[in-house]
**Student:** 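What follows is a structure written as structure tokens; I'll ask about it next.
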There are 2 protein chains.
Amino acid sequence: MEEKDSFNHLPHKTIARLSQYRRALLLCLSRGKSHIFSHEIATIQHITPVQVRRDLMLIGYSGTLRKGYNIRELIDLIGNIIDSDEGIKVAIVGMGNLGRALINYFSGKRHKLEIVAGFDTNPDKIGNTMNGVPCYPAERMKEIIEREKIEIGIITVPAQNASQTANELVAAGIKGLLNYTPKPIDVPDYVYLEEYDMITTLEKVAFYVKMRQSEEESNKK
Amino acid sequence: MEEKDSFNHLPHKTIARLSQYRRALLLCLSRGKSHIFSHEIATIQHITPVQVRRDLMLIGYSGTLRKGYNIRELIDLIGNIIDSDEGIKVAIVGMGNLGRALINYFSGKRHKLEIVAGFDTNPDKIGNTMNGVPCYPAERMKEIIEREKIEIGIITVPAQNASQTANELVAAGIKGLLNYTPKPIDVPDYVYLEEYDMITTLEKVAFYVKMRQSEEESNKK
DNA sequence: TTTGCCTTGTTATTTAATTAACAAATAAAA
DNA sequence: TTTTATTTGTTAATTAAATAACAAGGCAAA
Ligand SMILES: NC(=O)c1ccc[n+]([C@@H]2O[C@H](COP(=O)([O-])OP(=O)(O)OC[C@H]3O[C@@H](n4cnc5c(N)ncnc54)[C@H](O)[C@@H]3O)[C@@H](O)[C@H]2O)c1
Ligand SMILES: NC(=O)c1ccc[n+]([C@@H]2O[C@H](COP(=O)([O-])OP(=O)(O)OC[C@H]3O[C@@H](n4cnc5c(N)ncnc54)[C@H](O)[C@@H]3O)[C@@H](O)[C@H]2O)c1
């Protein structure tokens, strides 16, 4: 399909923003708003109106000149772009503090994107259910991922087990991975990988705080 | 100071990578390695050796031609750049699932960066201690942040309370904020803000998984 | 000693992302 | 009816980041 192919070349940052626009739009819709201007979206997201218009241009959406964008239409279009028609199932490996927090947080948030299984090695956790998500033994990963047609895995095991878990998930046929472990993992090209490390983020904040302070000091002199 | 001022202009991405290099280097050091090549660091981080060398060039560090970089020296230099001499204290607001997971995770990881206080409004949580971090009532935020000289705040309250919490933290004199709430918050210019939304990340992974599948399908034809 | 092989450090080029600039459209006000 | 204000959509320019290219140094083997 010609149209869908073009979404292939959307900037990564645009994809992330589309997800955020949609959330903001859903909120506006629930408050009874039907149209919205680029500068309104921009204010909510703390970006510029130009950026919003440019993103919408890239996905081929047009607003009305003095009414702005139709919120429902835009939500639907963003859904067509970032959601999968049939929905995508997600598994989470490592039902510890972070894993449980994530399950708790995600459950019911997106109907096209659902955490349907958890895995752990700790016998105390296996067999439990968290917010409707059953916890299976790690040995059954391949079996269950294949059976349930799970395509995305979230890794929240201890760092030293991250690589092994990644390998198991890939072997089970997973297509996308989200690694919350500080250990960088290695996956084949055909698996899409996102890694996020909270300590790095905190250290970055600390760096800029420090930097601004030393700037201030040198300005005083 | 001339030198420190130059760190001002380091690319944001370089700052994030320095934090990651350091972690990898600490691991190597603990295994008895004394020197490391750019391509070794690159392999660990899944980036290119050129990127590593460029980053190190930007911070003004030189290696030895055929021995690579002195690990201890490099760790110290990165520390000089991203750490604050006296250390920076952090507070976390919202001691729920995510807040507790974070405290558990961070505690003892970095001695120059320490979570020293938690805040909540739930009377059941106030007065407890998590991993040595006391939980105070939200009303005492300003008092305690000033007394303890806390400079960074992490927001993990329910989304609808995020803006209010941000305002309270700013009023208390915080200099950097890390918002894990899906609600974008507004802060004055002098406060450094990082926001991270896990649903956006997951939706991004889902998008690329979907995209690659539709590419595959159209390739078959 | 000489040759070849690695590895660093730096400049040049390319690619990605953001921001600026502005024409076109049109509703509302004069 | 004409003017003014506002907002979209798009192209052009700028800025940020990554990658490529390559000179220079120096160890190791021949
Ligand atoms: N807690 C946080 O806020 C936080 C933040 C960022 C990153 N992380 C990272 O996330 C990971 C998990 O953190 P946590 O605080 O939830 O730790 P945790 O110890 O509470 O949970 C880890 C879970 O993984 C299970 N596990 C261990 N090995 C396994 C394996 N091979 N297969 C399946 N399950 C396995 C354990 O039984 C445990 O239930 C760590 O790597 C940590 O670095 C945590
Ligand atoms: N759980 C996750 O994995 C996860 C992931 C990403 C983002 N988030 C976001 O993080 C936030 C917290 O998630 P959670 O799962 O920990 O929720 P939670 O309900 O378990 O915890 C929220 C805590 O904040 C406290 N609180 C409420 N209002 C407060 C206020 N005004 N001041 C201080 N404390 C207050 C509550 O008493 C509670 O203890 C939410 O906004 C959520 O969207 C959570």
Side-chain angles (χ1 to χ4, degrees), chain A residues 6-21 25 28 33-71 73-74 77 184 189 193-195 200 204 207-208 211, chain B residues 6-21 25 28 33-71 73-74 77 184 189 193-195 200 204 207-208 211:
Chain A
S6 73
F7 297 150
N8 223 327
H9 306 296
L10 290 173
H12 284 222
K13 299 264 184 94
T14 294
I15 299 299
R17 280 191 299 264
L18 288 176
S19 157
Q20 285 161 353
Y21 296 161
L25 292 169
C28 293
K33 236 171 123 71
S34 75
H35 287 76
I36 193 166
F37 295 125
S38 61
H39 64 81
E40 292 177 296
I41 300 177
T43 302
I44 298 171
Q45 302 295 329
H46 302 121
I47 55 176
T48 65
V50 191
Q51 180 105 77
V52 174
R53 293 204 299 275
R54 211 174 194 301
D55 285 335
L56 299 190
M57 185 195 87
L58 290 173
I59 63 172
Y61 186 67
S62 286
T64 315
L65 198 38
R66 288 185 53 111
K67 276 172 86 181
Y69 304 95
N70 180 308
I71 293 180
E73 274 179 24
L74 189 45
L77 176 57
D189 278 351
L193 172 67
E194 282 272 339
E195 308 201 280
T200 292
K204 205 175 148 192
F207 169 80
Y208 285 104
M211 198 43 88
Chain B
S6 72
F7 297 150
N8 224 326
H9 306 297
L10 290 173
H12 283 222
K13 299 266 184 91
T14 294
I15 300 298
R17 281 191 299 264
L18 287 176
S19 158
Q20 285 162 353
Y21 296 161
L25 292 169
C28 292
K33 236 168 124 70
S34 75
H35 287 76
I36 194 166
F37 296 125
S38 61
H39 64 81
E40 292 177 294
I41 300 178
T43 302
I44 298 172
Q45 302 295 328
H46 301 122
I47 54 176
T48 65
V50 191
Q51 179 104 79
V52 174
R53 293 205 298 276
R54 210 172 195 301
D55 286 334
L56 300 190
M57 186 194 85
L58 290 174
I59 63 172
Y61 186 66
S62 286
T64 315
L65 200 38
R66 287 185 54 111
K67 276 173 86 180
Y69 303 94
N70 180 308
I71 294 179
E73 274 179 23
L74 189 46
L77 176 58
D189 278 352
L193 173 66
E194 283 272 338
E195 308 200 281
T200 292
K204 205 175 148 191
F207 169 80
Y208 285 106
M211 197 43 87

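Heavy-atom basis, side chains included; hydrogens, waters and symmetry copies ignored. Protein chains get the first letters and strands the later ones, always in sequence-line order, with residue 1 at the start of each.
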**Student:** Think B:S38 has a side-chain N or O under 4.0 angstrom from the OP1 or OP2 of C:dT7?
**Tutor:** no
**Student:** Is there side-chain contact between B:L56 and B:L74, with heavy atoms separated by less than 4.5 Å?
**Tutor:** yes
**Student:** Taking all non-hydrogen atoms of both residues into account, name the closest pair between B:T48 and B:A42 and its distance.
**Tutor:** C-CB, 3.6 Å
**Student:** How many angstroms lie between CD in A:E73 and OG in A:S62, if you round to the nearest 0.5 Å?
**Tutor:** 10.0 Å
**Student:** Rounded off to whole Å, could you give me the CD1-to-C1' distance for the B:I59 and C:dG9 pair?
**Tutor:** 13 Å
**Student:** How about B:M211 and B:F207: do any of their side-chain heavy atoms sit closer than 4.5 Å?
**Tutor:** yes
**Student:** Provide, to the nearest angstrom, the distance between the OH atom belonging to B:Y61 and the P atom belonging to C:dT7.
**Tutor:** 17 Å
**Student:** Is there a side-chain contact between A:S19 and B:K204, using heavy atoms and a 4.5 Å cut-off?
**Tutor:** no
**Student:** Quick one: what's the B/S/- string for nucleotides 22-30 of chain C, heavy-atom cutoff under 4.0 Å, read 5' to 3'?
**Tutor:** ---BBS---
**Student:** Tell me the interatomic distance from A:Y69, atom OH, to D:dT7, atom P, rounded to whole angstroms.
**Tutor:** 11 Å
**Student:** Figure out the CG/P separation between B:L56 and C:dT8, and round it to whole Å.
**Tutor:** 9 Å
**Student:** Separation of B:L58 atom CG from D:dA18 atom P, in whole Å?
**Tutor:** 11 Å
**Student:** Please give, in whole Å, the distance from D:dA16 C1' to B:I15 CD1?
**Tutor:** 14 Å
**Student:** Working to the nearest 0.5 angstrom, can you tell me the gap between B:K67 NZ and B:L65 CG?
**Tutor:** 12.0 Å
**Student:** Polar-atom pairs under 3.5 Å, protein N or O versus N or O of nucleotides 15-19 of chain C: list them with distances, or write none.
**Tutor:**
residue, atom, partner, partner atom, Å
C:dT18, OP1, A:R17, NH1, 3.2
C:dT18, OP2, A:R17, NH1, 3.1
C:dT18, OP2, A:R17, NH2, 3.0
C:dT18, OP2, A:Q51, NE2, 3.4
C:dT19, O4, A:R54, NE, 3.0

**Student:** Would you say B:S62 reaches C:dG9's phosphate, i.e. side-chain N/O to OP1/OP2 under 4.0 Å?
**Tutor:** yes
**Student:** For A:T200 and B:A16, work out which heavy atoms get closest and say how close.
**Tutor:** CG2-O, 3.5 Å
**Student:** Do A:N70 and A:Y61 come within less than 4.5 Å of each other through their side chains, counting heavy atoms only?
**Tutor:** yes
**Student:** Could you tell me how far apart A:I36 (CD1) and D:dT8 (C1') are, to the nearest whole angstrom?
**Tutor:** 15 Å
**Student:** Where the side chain of B:Q45 meets the backbone of B:Q20, is there a donor-acceptor pair that is under 3.5 Å apart?
**Tutor:** yes
**Student:** Can you identify which nucleotide, out of D:dT8, D:dT11, C:dG9, has its nearest atom closest to the A:M57 side chain?
**Tutor:** D:dT11
